[in-house]
Amino acid sequence: KIIDKSYKVDSYVIYPGVNTKLFKINNKIKKINQVISVGAINKLKGYEFLIRAVSTIDEKSRPRFVIVGNGGDKKYITHLKSLAKVLKVKINILVNISQDDLILNYNRSQLFIYAPINEPFGIVVEEAMSIGLPLVVYKSGGGYVEILNSKNGVIIDNLNDLYWGNQINKLLKNAKKIKSYSDYNQIYVQKNYDQQNMNTNIWSLINSL
């Protein structure tokens, strides 16, 4: 939309794909009471908001919050840790980890939570779905919402931390719903957003010119 508006064109969109043979469920990895968010560690990713949302969940059942990202200002990371400590949220911020460790942490997690502001497209959403994670995501976060529906998880149109916390908590307690989202997401990405789909679509477009 930004490109179309700036250059006065009508773009044909090909969504990026993921390697579904790599980003997949590993049943040997035990799930723990943990939710995860992935992306560059900066204020536009909404991490402070997500910490506040998790903090509204009863402390007895409150999940650990894992953030995985590249780079990141040390002062901002320290700020996130301090905020989490004040709000009694167990947090683990992992910076510049290997792809294997990223996949390990996806597999350990129960849910993928994501609340970026005005992001063009978050490919991490596809990664999480490919590994079978249900989503709790912000509707106005970016172009990734264009490929989602109610079968992928909970798509929220506000940034109310109490509401988010309630939705995360409800889903964590609903094993049947988690399995439904998980099963659907794996098949959905394999069918529509595997890297091979992206390559085929690109070549098809090139050959049509």
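What you see is a predicted model; the values in this text were computed from it and never measured.
- Between the CE atom in M129 and the OH atom in Y106 there is a gap of 10.5 Å [rounded to 0.5 Å].
- Contact check for V136 versus W164: side-chain heavy atoms found under the 4.5 Å cut-off.
- Between I3 and V9, some side-chain heavy-atom pair lies under the 4.5 Å cut-off.
- No continuous path of ILVMFWY side-chain contacts below 4.5 Å connects V18 to I187, so the two sit in separate hydrophobic clusters.
- No continuous path of hydrophobic side-chain contacts links M198 to F121 [ILVMFWY only; heavy atoms under 4.5 Å].
- No hydrogens or angles considered: a donor-acceptor pair under 3.5 Å links the side chains of D194 and T20.
- Counting only heavy atoms from C-beta outward, the side chains of E127 and L102 approach each other to under 4.5 Å.
- Rounded to the nearest 0.5 angstrom, R62 CZ and K90 NZ are separated by 10.0 Å.
- Looking only at distances, no side-chain donor or acceptor of N19 sits under 3.5 Å from a matching main-chain atom of Q195.
- Residues V125 and L148 have side chains in contact (heavy-atom distance under 4.5 Å, counting atoms from C-beta outward).
- The shortest side-chain heavy-atom distance between R52 and T56 does not fall under the 4.5 Å cut-off.
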- Item | Verdict with reasoning, Q196 to T200, per side-chain contact (heavy atoms from CB on, under 4.5 Å) | CA-CA 6 Å; Q196 188 57 49; T200 299; 3.5 Å; yes
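- To the nearest 0.5 Å, the span separating CG on L50 from NZ on K45 amounts to 11.5 Å.
- Between Y47 and F65, the ring planes are tilted. Angles from 30° to 60° get that label.
- The hydrophobic clustering, which links ILVMFWY residues whose side-chain heavy atoms are closer than 4.5 Å, places L159 and L87 together.
- Within 6.0 Å of NZ in K170 there are 12 or fewer heavy atoms belonging to other residues, nucleotides or ligands.
- Nearest heavy atom pair, residue I51 against residue A84, reads CG2-CA, 3.9 Å.
- Side chains of Y15 and E126: no donor on one and acceptor on the other come within 3.5 Å.
- Proximity of a side-chain donor or acceptor of N33 to a complementary backbone N or O of S61 within less than 3.5 Å is detected.
- Once rounded to the nearest 0.5 Å, the distance linking CD1 of I57 with NZ of K173 reads 9.0 Å.
- Counting heavy atoms of neighbouring residues, nucleotides and ligands inside a 6.0 Å radius, atom CD1 of I2 does not exceed 12 of them.
- Considering only heavy atoms from C-beta on, N169 stays 4.5 Å or farther from D58 through its side chain.
- Residues I178 and I155 fall within the same hydrophobic cluster, defined by Ile, Leu, Val, Met, Phe, Trp and Tyr side chains chained together at heavy-atom separations under 4.5 Å.
- More than 12 heavy atoms of other residues, nucleotides or ligands shown are found within 6.0 angstrom of CD1 on I117.
- Using a 4.5 Å cut-off on side-chain heavy atoms (C-beta onward), Y138 and V145 make no contact.
- Between the CG atom in N152 and the OG atom in S150 there is a gap of 8.0 Å [rounded to 0.5 Å].
- Relative orientation of the Y188 and Y184 rings is parallel, given thresholds of 30° and 60° on the angle between their planes.
- Under the 4.5 Å side-chain heavy-atom criterion for Ile, Leu, Val, Met, Phe, Trp and Tyr, I93 and V68 are members of the same hydrophobic cluster.
- Residues L111 and Y181 form no side-chain contact, since every pair of their non-hydrogen atoms from C-beta on lies 4.5 Å or further apart.
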